[in-house]
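Taking it in order: structure first as structure tokens, then the write-up.
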Protein chains: 2
Amino acid sequence: MADRGLKDRNDRRVTAADVAKSAGVSRATVGYVLNNTPGTRISPETRRRVLDEATRLGYRPSAAAQALARGRSKIVLVVLPDWPLELTLRTQLDEAARVLDEAGYAVIVHTDHGSEHAQPLWKLVEPEVVVGLVPFTPAQVRSIRAAGITRIAPNPDLRLDIGAIPAVVAGAQLQVRHLASLGHRALAFASPADPRLADLAAVRRLAAEREAVALGVEVRDARAVDHRDEALPSVLHAWLSAGITGVVAFNDDVAGTVVGTAVRAKILVPQDLAVVGHDNTPMASYFAPTLSSVGIDSVGFGRWMAQQALNLAEGRPSTDEFPGPTAFLIERESTSPAR
Amino acid sequence: MADRGLKDRNDRRVTAADVAKSAGVSRATVGYVLNNTPGTRISPETRRRVLDEATRLGYRPSAAAQALARGRSKIVLVVLPDWPLELTLRTQLDEAARVLDEAGYAVIVHTDHGSEHAQPLWKLVEPEVVVGLVPFTPAQVRSIRAAGITRIAPNPDLRLDIGAIPAVVAGAQLQVRHLASLGHRALAFASPADPRLADLAAVRRLAAEREAVALGVEVRDARAVDHRDEALPSVLHAWLSAGITGVVAFNDDVAGTVVGTAVRAKILVPQDLAVVGHDNTPMASYFAPTLSSVGIDSVGFGRWMAQQALNLAEGRPSTDEFPGPTAFLIERESTSPAR
DNA sequence: CAGTTCTGCTTGTGCGCGCAACCTCGGCAA
DNA sequence: TTGCCGAGGTTGCGCGCACAAGCAGAACTG
């Protein structure tokens, strides 16, 4: 009757054996009942007795023992790059977690800060699948493989280039296309100051430059902009002098920095300088002027990611293809046709 | 010599027994060497042989088996409320993870979305400690306890009120104090539209109202502001008509929404309406006008959180007190003395 | 030289569970 | 009566490790 029932009088945990003894059956029967093991035949009456006894005693299976005996853990580890978490990413993760959760997998999200003192997480939790939001570095792949995990996404054998992932670069292409279609011929690319984003920014920048070449426009400058940088106004003026009329911003935060600085420096947006952001954050729609931006179907990507993980976990064949580009441009006040 | 060495020819994992056999010692010796078990005396020569053999075979201990045998897992589970992750929170987590990592604990961060299909994470990974960034609900406490975890922070027995946590409400108090000290007598409280933040916003609002009473000023209105809401401009005008001259915003995002809308509606900020944000995001300093905001010492809080978790994990006594308020107000363009 | 202590190991057991293989017993056809 | 079958279980082993207890031999002790 003890309401706790959580612990034996000896402070030992309640095991399946305890339940078995208490229900007058064998340990195996308890396992069969509790796991609904297919291919076993247990009479309804026994089944009920076991279940009753289990709840009465407050039985809870040991995750460690289960993992050990089963050799699997029903965990999917999602590894994040060390980026400041944007809403887009967060939305994507939430959706992925939801889908995997429904399939009975627990999702552990983990940011790899590189310098781990403790064990890498994949050693500690023995996940069935490790999913990277960005392709793993060879060192990471080695470490994960060394932990005995073979199910890794994206497939490391493809030696995938991050610049080939639509979700990563489609936005930048769209940004350039948008400005080009408005008649802007000379552009600048604005990166964030946060060094953690430098690599990603470089990839997007490259994609933007490639797209510019394809469209016959020019990216005349690319640099990191920091809202704390006193020299930022002169950078903007230098852009104008260089004939630059459009700015491709890494994200809305950067776009806001540029636009905010411009407004303060009496540079007209979009008349003098058109700026397009990325991620379509809420801020883009309340900033003054409102910011044109690229929206990403993060829910869709999250779902796709979860599907990849599930395929891997259950040993199904999975396409190595990425879903089609599902980025779209939202035009607002910060961009207009070039004069 | 097999460079893989990861798997036996039979595809079985390499166990401590394999290493033992290969090194010509017993299984226990291998364990003692690899764990540096105190109180055991192994000759340097044997030690080296074991280590060599272990690396040669690519031995990796099974986390599940270790957890099972040891009865502990060296994992700290941090449970997040279901909030959109702000930079502040993220900074706090990163710091906490860093500290715990250094102590040899792996940190798993987990967002509790409520409707879990899979097992709650605390059942799946059997962490030693579960830390909530916000006090757990009774239901959560029950669930965690039911999973056999006794080390929980914040201490659930205190039945702690979230409104009593300095980190949560100190900012709101500071905001009110700031506006009051500038001579604003009638204020409005602006909450975010995201329903996930409703509870937290309510707590902050209450704290603001209490502080207002204490300072002899009045919070005349409190409502959620949504940047997609067409009626927002008229809300602001209504505020002005009601004599409201200062706005306490839940966070910088909300502050930006208010300020952006005001600017668009030809309401002067800060002359007609002073607005103070919360979190001191980068945006606050590039918005036009720049936003006064409350900064939180998130690194300090993260460190404190980690310390609490460590105390709990290692069974040390831990103070139930919170660290003193370490919020500070950054004054920028969006606030000025009342006329 | 018997007795004691210390060193450097080894053997054995238990952690809690999953699952293959095996048992028992009643029903039923030959 | 024997033989077979299927329902409803049970016994036993293995997962990989930690750790208590034991044990041989060397090194001291008196």
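Just so we're on the same page: letters track the sequence lines, and every chain starts at 1.
In this structure, A:E53 does not pair ionically with A:R49, as no charged nitrogen and carboxylate oxygen lie closer than 4.0 Å. With respect to A:R48 and A:D52, a salt bridge is recorded, a charged nitrogen being found less than 4.0 Å from a carboxylate O.
Of the residues B:L312, B:I144, B:V76, the one that meets the side chain to side chain contact (heavy atoms under 4.5 Å, CB included) test with B:V130 is B:I144.
Contact annotation: A:T40 side-chain N/O to D:dG9 OP1/OP2 distance is not under 4.0 Å. Of the side-chain N and O atoms in A:Q66, none sit less than 4.0 angstrom from OP1 or OP2 of C:dG16.
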Please list, for nucleotides 5-7 of chain C, all pairs of protein and nucleotide N/O atoms separated by less than 3.5 Å.
none

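No side-chain donor from either of B:T91 and B:T88 sits under 3.5 Å from a side-chain acceptor of the other. Counted by atom type alone, B:N311 and B:R151 present zero donor-acceptor pairs between their side chains at under 3.5 Å. Between the side chains of B:R47 and B:N36, a donor-acceptor pair is found at a separation under 3.5 Å. Between B:T40 and B:T37, the side chains place no donor N or O within less than 3.5 Å of an acceptor N or O (distance only, hydrogens not considered).
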Base versus backbone protein contacts along nucleotides 19-29 of chain D [heavy-atom cut-off under 4.0 Å; B, S, -]: BB---------
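Across all strands, A:L68 comes closer than 4.0 Å to base atoms (heavy-atom distances). Among the atoms of the strands shown, none is found under 4.0 Å from any heavy atom of A:V30.
The minimum heavy-atom distance linking B:V79 with B:F136 is given by the pair CB-CE2, 3.8 Å. Taking each heavy atom of A:G163 and A:V203 in turn, the nearest pair found is CA-CG1, 3.6 Å.
Across C:dC9, C:dC17, D:dG16, the shortest atom-to-atom separation from the side chain of B:R13 is found for D:dG16. Residue A:S62 has its side chain nearest to C:dG16 when only D:dT11, C:dG16, C:dT11 are considered.
Separating the CZ atom of A:R60 from the C1' atom of C:dC17 is a distance of 14 Å, rounded to the nearest angstrom.
Inter-residue side-chain proximity for A:V129 and A:I152 is flagged as unmet; no heavy-atom pair is nearer than 4.5 Å.
The end-to-end axis angle of the helix from C:dC1-D:dG30 to C:dA30-D:dT1, rounded to 10 degrees and based on five pairs per end, is 60°.
We find the CE-CD distance between B:M305 and B:Q308 to be 10.0 Å, quoted to the nearest 0.5 Å.
By the side-chain hydrogen bond (donor to acceptor under 3.5 Å, both in side chains) test, B:D199 is found to be paired with no residue, residues two or more places apart in sequence or in another chain being considered. Partners of A:D157 according to the salt bridge (charged side-chain N to carboxylate O under 4.0 Å, His left out) rule, which considers only residues two or more places apart in sequence or in another chain, are A:R145.
Within residues 44-53 of chain B, no residue is approached by DNA chain D to less than 4.0 Å at the level of any non-hydrogen atom.
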